[in-house]
Amino acid sequence: MKHGSTLLGIATALALSGTLSPAWALNPGDTVDNFRLLDHTGASRQLYYLSDMKAVVLMAQGNGCDVVRKSLPELQALRDKYREQGVELLMINSNLADTRNAIEKEAKAQSIDLPILLDETQIIGESLGLQRNGELLVINTKGWKVAYRGPVSAGGTPYAANALDAIINATPVKTAQVDASKGKGCDLKFPEADRKQAHAKISYEKTIAPMLIDNCVTCHRQGGIGPWQMSSYDMIRGFSPMIREVVRTERMPPWHADPHYNVFSNDRSLSKDEIKNLVHWIEAGSPRGTGSDPLADLKKQWPQWALGQPDLIVEIPAFDVPATGVIPYQMPMVANPLDHDVWVRAVDFQPGDRTVLHHIIATMGTDAESVRDGGSLGGYVPGAGPMLLPKETGVLVKKDAKFFFQMHYTVSGKPARDGSRMGLYFRKDAPQYQMRSVALLNPRLKIPANTKAHTESVSKTFEHDVIVYNLLPHSHFRGKASDFVATYPDGRKEVLLSVPNYDFNWQTTYELKTPKLLPAGTKVTHSTTWDNSTQNKANPDPNRVVPWGQQTWDEMLYGVIRYRYVNESDAPAATPAKVSQTAGN
């Protein structure tokens, strides 16, 4: 993406530094595109979420930079002075050599109490045109324009404070650009910034199209859940600005786990190299290049059932969804047609009408109460694949069981009829272990009105050694972040899963690549943070104190752990142990 320079930016740069800024730099008057990054504490930060602020100050931070270290007291004083005047202060680290652990250590050593955003691919720092650590941008949130770039102050003149005063008072910024001071360890290096010609030669045929086929086409295809089809180069070129935006804001691909904690076998995220190639190719103009069009030539057949024909297909009673209104959860029951017990190795769902079906939760038991004894058969949510159990485990379906379905429908503006199906795949023999699941929930929620971040928790202590396979956090439109933290018998804590950017539209079950052993006495705490403010654009009503409820205008603290006992003999014969409930802020 090419950024032009305003006359003010050119004139100021020439007057103050004697030279023009690099062609790829953002100058005063230029627009700062939206982006999302994790900070050094693991919190998710999106620039345009700060639209309720009057200005955002963003300083380039690098470990060991003496300019940054010397500027800290001044920067923190700036934060304190303008805290109540609608100004947000952030730092951003685009240094390839600075790891997250090293940045955390630097923050602690230097008493940095500002969020440090982690620009690990450098695509954000490149687009901002950062030149050295210690320089900052003052961004006017009215239009997201650069109002000032340079040091906090120079020669005794508080340039950043002057720019903030001008924004707050709606007056012109007198000095919009000052050359940032050089210092030890402060130079920023962006290897890709000098490779613009090479970016124009990134191959659509060999690099971009194969990446999209591997990561995106499963949804963006005819019959898929994506709103448009990646069917040719022309389609990709037309949607390129949007692709760049959703990658920069981490909306796509839909993967929300913090990579700092654990590795998950169903990780849908792009690699750092894939992100850089895709964004740089788009910023180079999405060149077609030579060669074939793998998207147009793609002849892949998408099977009706991803795992092949199921051993048993359960037809869920069809339901007519009206065009408008509120649909209470539908709870149909289907009798088991089998006359013998079976062990299930996999479960898949075939949604009838994706436009109105939000989710299916499938359970089984002799009656509705007995499903609490671990009778989970998984479920369907947008973007989810089949539930394939580890080869040493299975779920027992007894011949006298009944199948219970929780069907959540949302209206689409026109009448629809949903006829979904569940497919079961059987084992040939009994497994060594029975897969079980436990739900951690707190139905006594009270989320305050007009609150950007409210957190509550629920815990369970495992009385025996268990192996955890996957974790599922669940909340509704106000869900902001979620995690599972294990506290071991020796007091040590470990984050099993952190989802700092929860998205209600993607109810992901996170499959641990290496199942986790939790020794007897381990307590797992599941926490969720909700955003019940006007900044949450999906919020049904920020002025309401929100309780627990099944409908999406209410909320849930609900997490599922799927596990097995290390020793099957430890399995209880009755209902699993109760979970404790704790609340916090």
Side-chain angles (χ1 to χ4, degrees), residues 3 9 12-28 30 32 35 37 39-40 45 56-79 89-139 146-163 175-195:
H3 298 284
T12 307
L14 285 170
L16 292 174
S17 65
T19 59
L20 286 172
S21 298
W24 44 271
L26 277 181
N27 291 305
D30 288 344
V32 182
F35 63 83
L37 293 171
D39 69 23
H40 70 291
R45 308 274 180 175
V56 176
V57 177
L58 186 62
M59 173 183 273
Q61 180 272 342
N63 290 356
C65 172
D66 58 349
V67 173
V68 172
R69 291 176 173 179
K70 291 176 181 178
S71 298
L72 277 174
E74 206 173 5
L75 189 67
Q76 290 163 330
L78 200 70
R79 185 266 316 279
L89 273 77
L90 303 168
M91 307 180 88
I92 180 170
N93 185 300
S94 298
N95 288 12
L96 293 176
D98 291 347
T99 65
R100 178 162 164 178
N101 288 337
I103 294 169
E104 288 183 66
K105 185 176 180 180
E106 175 84 356
K108 184 176 181 180
Q110 299 300 320
S111 300
I112 299 176
D113 56 358
L114 295 167
I116 305 174
L117 309 186
L118 309 176
D119 182 25
E120 295 177 324
T121 64
Q122 292 195 318
I123 63 169
I124 307 304
E126 286 176 17
S127 70
L128 296 173
L130 299 179
Q131 300 170 52
R132 58 182 62 93
N133 292 310
E135 72 170 324
L136 58 78
L137 302 180
V138 175
I139 304 166
V146 176
Y148 167 78
R149 90 175 288 148
V152 180
S153 65
T157 302
Y159 290 108
N162 290 345
T175 302
Q177 189 161 334
V178 175
D179 189 31
S181 301
K182 297 182 180 180
K184 180 181 178 182
C186 297
D187 289 341
L188 269 169
K189 299 183 185 302
F190 291 93
E192 297 296 330
D194 297 324
R195 300 184 68 249

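Position 1 is the first residue of the sequence; numbering continues from there. Predicted model, so just to flag it, every value in this text is computed and none were measured.
Look at Asp179 and Arg132 and you find a salt bridge, because one of the NZ, NE, NH1 or NH2 atoms lies within 4.0 Å of a carboxylate O, short of that distance.
Between Thr175 and Tyr148 the shortest heavy-atom distance is O-CD1, 3.4 Å. Closest approach of Val68 and Ala60 over heavy atoms only: CG2-O, 3.6 Å. Closest approach of Ala160 and Leu136 over heavy atoms only: CB-CD1, 4.2 Å. Pro158 and Ser153 get closest at one heavy-atom pair: CA-CB, 3.9 Å. Taking both residues in full, the closest heavy atoms of Ala147 and Ala176 are given as O-CB, 3.6 Å, listed atom of the first, atom of the second, then distance. The two atoms that bring Ala161 and Leu78 nearest to each other are CB-CD1, 3.8 Å, heavy atoms only.
You'll find the side chain of Val138 stays beyond 4.5 Å of the side chain of Tyr159, heavy atoms only. No side-chain heavy atom of Leu58 sits under 4.5 Å from any side-chain heavy atom of Val32. You'll find the side chain of Ile92 reaches within 4.5 Å of the side chain of Leu128, heavy atoms only. Between Asp66 and Cys186 the shortest side-chain heavy-atom distance falls below 4.5 Å. Val152 is listed as a side-chain neighbour of Met59, based on a closest heavy-atom distance under 4.5 Å. Taking 4.5 Å as the limit, every side-chain heavy atom of Val178 sits out of range of all side-chain heavy atoms of Thr157. Residues Asp119 and Phe35 fail the side-chain proximity criterion, which asks for heavy atoms closer than 4.5 Å.
The distance from atom CG of Asp30 to atom CD1 of Ile139, rounded to the nearest 0.5 Å, is 11.5 Å. In this structure, the separation between CD on Glu192 and CD on Gln122 is 8.0 Å, given to the nearest 0.5 Å. Rounding to the nearest 0.5 Å gives a distance of 9.5 Å between CG of Asp194 and CD of Glu126. Taking NZ of Lys70 as the start and SG of Cys65 as the end, the distance is 9.5 Å to the nearest 0.5 Å. Taking CG from Leu75 and CD1 from Ile112, the interatomic distance works out to 9.5 Å, rounded to the nearest 0.5 Å. Distance check: Asp39 CG to Leu117 CG gives 6.5 Å after rounding to the nearest 0.5 Å.
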Fill in: Steps toward side-chain contact (heavy atoms from CB on, under 4.5 Å) verdict (Glu106, Arg69)
CA-CA 10 Å; Glu106 175 84 356; Arg69 291 176 173 179; 3.1 Å; yes
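The closest donor-acceptor contact from the side chain of Arg45 to the backbone of Pro115 lies at 3.5 Å or more, if one exists at all. Remark: the backbone N or O of Leu114 is not paired with any side-chain donor or acceptor of Gln76 at under 3.5 angstrom.
Checked against Ile103 for a side-chain contact (heavy atoms from CB on, under 4.5 Å), the options Met91, Lys108, His40 give a single hit: His40. Tested against Gln61, the residues Asn95, Asp98, Asn93, Asn133 include a single side chain to side chain donor-acceptor pair (under 3.5 Å) partner, Asn93.
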